[in-house]
Amino acid sequence: MACLCERCVQHAAVLGIERGETSREAMHKAYRQAAKAWHPDRFAHDAGKRIEAEERFKLIQVAFRELIEHNPEGFAATEEEIAYVEPTPAPAQPVPPGASLTFGGARGCYAGTRIPPHASELIRYSIGTQDSPIALIDLQGGLGKSVSQFLVLNTHGLLLRDALQIVSLLSYADVGELRLVDQRTDGRTPWWRKMMFKIAGSGPAMALEIWRRNGELYCTLENPLEDGVKALVQRFLEERKQQYGAA
């Protein structure tokens with residue numbers, strides 16, 4: 001009979017074992033799947049992700065060993081089986097995250113090495129070396145003298161610096177709904193703003209709302225950013241949501 005103590009239940013969750021599945025085959029399969037998914041060698045080309053993988057791999061090893069000790073009848077394994085897990089090979093030529101992300105020359109948008117030095121320093125101060133910036137979007141549309149309000153697309157999440165100079169982070173795993181709305185017709189747009197759109201005629205009219213998974217609004221990308229930039233960010237985040245949701 002499987003041990004149902006709190007610690008064993010937690011360890012089973014780490015390995016992704018369904019309640020009551022304590023056969024040798026079920027536990028061994030769950031362990032190998034979890035260990036392969038988080039083997040550090042898979043992330044040899046991503047320093048930030050490798051750090052996370054090393055920690056998770058340690059937890060997987062501990063969970064496996066303690067489950068064996070508490071469920072001796074349900075599973076028996078040798079030290080060699082526990083210690084060795086063949087990693088899934090990393091891509092020979094990995095494609096850098098966001099390598100295909102281009103803004104078509106849109107003002108206030110910078111990718112890779114084009115991120116301004118001033119903003120790069122703020123990014124490093126905010127996230128340290130555990131993440132890497134892919135692109136930076138000046139929320140003032142590049143109209144200011146310096147980049148002070150911006151959204152950064154990092155390898156593992158978003159970094160926002162708003163008008164109050166408050167910095168907030170959001171991992172891609174916690175990104176919720178992404179709403180691209182037309183402010184000229186959206187019922188929540190104030191009447192005076194709709195009037196401004198009529199007077200201005202052409203120009204950016206869309207707003208991208210980025211929500212957290214818990215239902216809280218993280219930020220809204222509005223004017224003076226070009227509508228094409230907002231649509232591009234939406235597509236990028238949708239791809240990231242799928243990637244991190246499946247991890």
Side-chain angles (χ1 to χ4, degrees), residues 6-18 21 24-71 75 77-101 111-112 115 120 123-135 152-160 167-176 212-214 218 236-247:
E6 181 178 356
R7 193 163 183 80
C8 275
V9 172
Q10 292 175 349
H11 288 328
V14 169
L15 297 181
I17 297 175
E18 297 292 337
E21 289 288 344
R24 177 187 177 92
E25 293 76 19
M27 294 180 70
H28 192 270
K29 180 179 179 181
Y31 165 69
R32 284 195 170 273
Q33 286 180 339
K36 282 185 177 181
W38 289 103
H39 198 291
D41 287 353
R42 289 192 61 209
F43 308 96
H45 304 287
D46 188 336
K49 195 69 173 179
R50 183 180 177 87
I51 293 175
E52 179 185 357
E54 288 174 349
E55 293 301 317
R56 293 213 182 193
F57 193 74
K58 291 176 184 177
L59 291 176
I60 291 168
Q61 300 290 319
V62 171
F64 189 63
R65 288 179 183 275
E66 294 198 9
L67 279 177
I68 292 170
E69 294 175 359
H70 283 226
N71 299 271
F75 181 73
T78 65
E79 288 295 318
E80 289 75 15
E81 286 179 312
I82 299 173
Y84 177 74
V85 176
E86 181 181 358
T88 302
Q93 296 181 337
V95 178
S100 61
L101 187 62
I115 296 177
S120 296
I123 295 170
R124 281 195 292 270
Y125 177 80
S126 302
I127 64 176
T129 59
Q130 296 184 2
D131 211 341
S132 302
I134 296 172
V152 179
L153 307 177
N154 291 305
T155 306
H156 304 303
L158 302 171
L159 182 150
L160 171 71
V167 174
S168 57
L169 302 173
L170 178 65
S171 70
Y172 293 127
D174 291 326
V175 173
R212 299 177 184 270
R213 288 186 63 185
N214 63 6
Y218 176 65
F236 176 84
L237 293 180
E238 289 288 2
E239 292 174 357
R240 284 292 177 172
K241 279 179 58 179
Q242 294 181 6
Q243 176 186 347
Y244 279 74

Are [X] and [Y] close enough that some pair of their side-chain heavy atoms sits under 4.5 Å apart?
| X | Y | result |
| --- | --- | --- |
| Trp38 | Glu52 | yes |
| Gln61 | Lys58 | no |
| Asn154 | Leu159 | yes |

Distance in Å, [X] [atom1] paired with [Y] [atom2], rounded so as to fall on 0.5 Å steps:
| X | Y | atom1 | atom2 | answer |
| --- | --- | --- | --- | --- |
| Gln243 | Glu238 | CD | CD | 13.5 Å |
| Gln33 | Ile60 | CD | CD1 | 11.0 Å |
| Tyr218 | Leu158 | OH | CG | 5.5 Å |

Next item on the list: Kindly give the heavy-atom pair with the smallest separation between Pro133 and Val152, and that separation in Å.
Entry: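 Closest heavy-atom pair between Pro133 and Val152: CB-CG1, 3.9 Å.
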Next item on the list: Over all heavy atoms of both residues, which pair between Arg240 and Ile134 is shortest? Give the atoms and the distance, please.
Entry: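 Looking at all heavy atoms of both residues, the closest pair is NH2-CD1, 3.6 Å.
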Check: What residues form a ring-ring contact (aromatic ring centres under 6.0 Å, His included) with Tyr172, not counting sequence neighbours?
Finding: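 Residues passing ring-ring contact (aromatic ring centres under 6.0 Å, His included) with Tyr172: Tyr244.
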Next item on the list: Apply side chain to side chain contact (heavy atoms under 4.5 Å, CB included) to Ala13 and list each qualifying residue two or more places apart in sequence or on a separate chain.
Entry: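 Partners of Ala13 under the side chain to side chain contact (heavy atoms under 4.5 Å, CB included) test: none.
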Note to self: Please check this pair: side chain of Ser132 against backbone of Thr155, looking for a donor-acceptor N/O pair closer than 3.5 Å.
What the structure shows: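 No; judged by distance alone, with no hydrogens or angles, the pair does not exist.
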Note to self: More than 12 heavy atoms of other residues, nucleotides or ligands under 6.0 Å from CZ of Arg213: yes or no?
What the structure shows: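 No.
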Notebook entry, point to check: Sequence neighbours excluded, which residues qualify as side chain to side chain donor-acceptor pair (under 3.5 Å) partners of Ser168?
Noted result: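 Testing Ser168 for side chain to side chain donor-acceptor pair (under 3.5 Å), a comparison that skips the adjacent residues, returns none.
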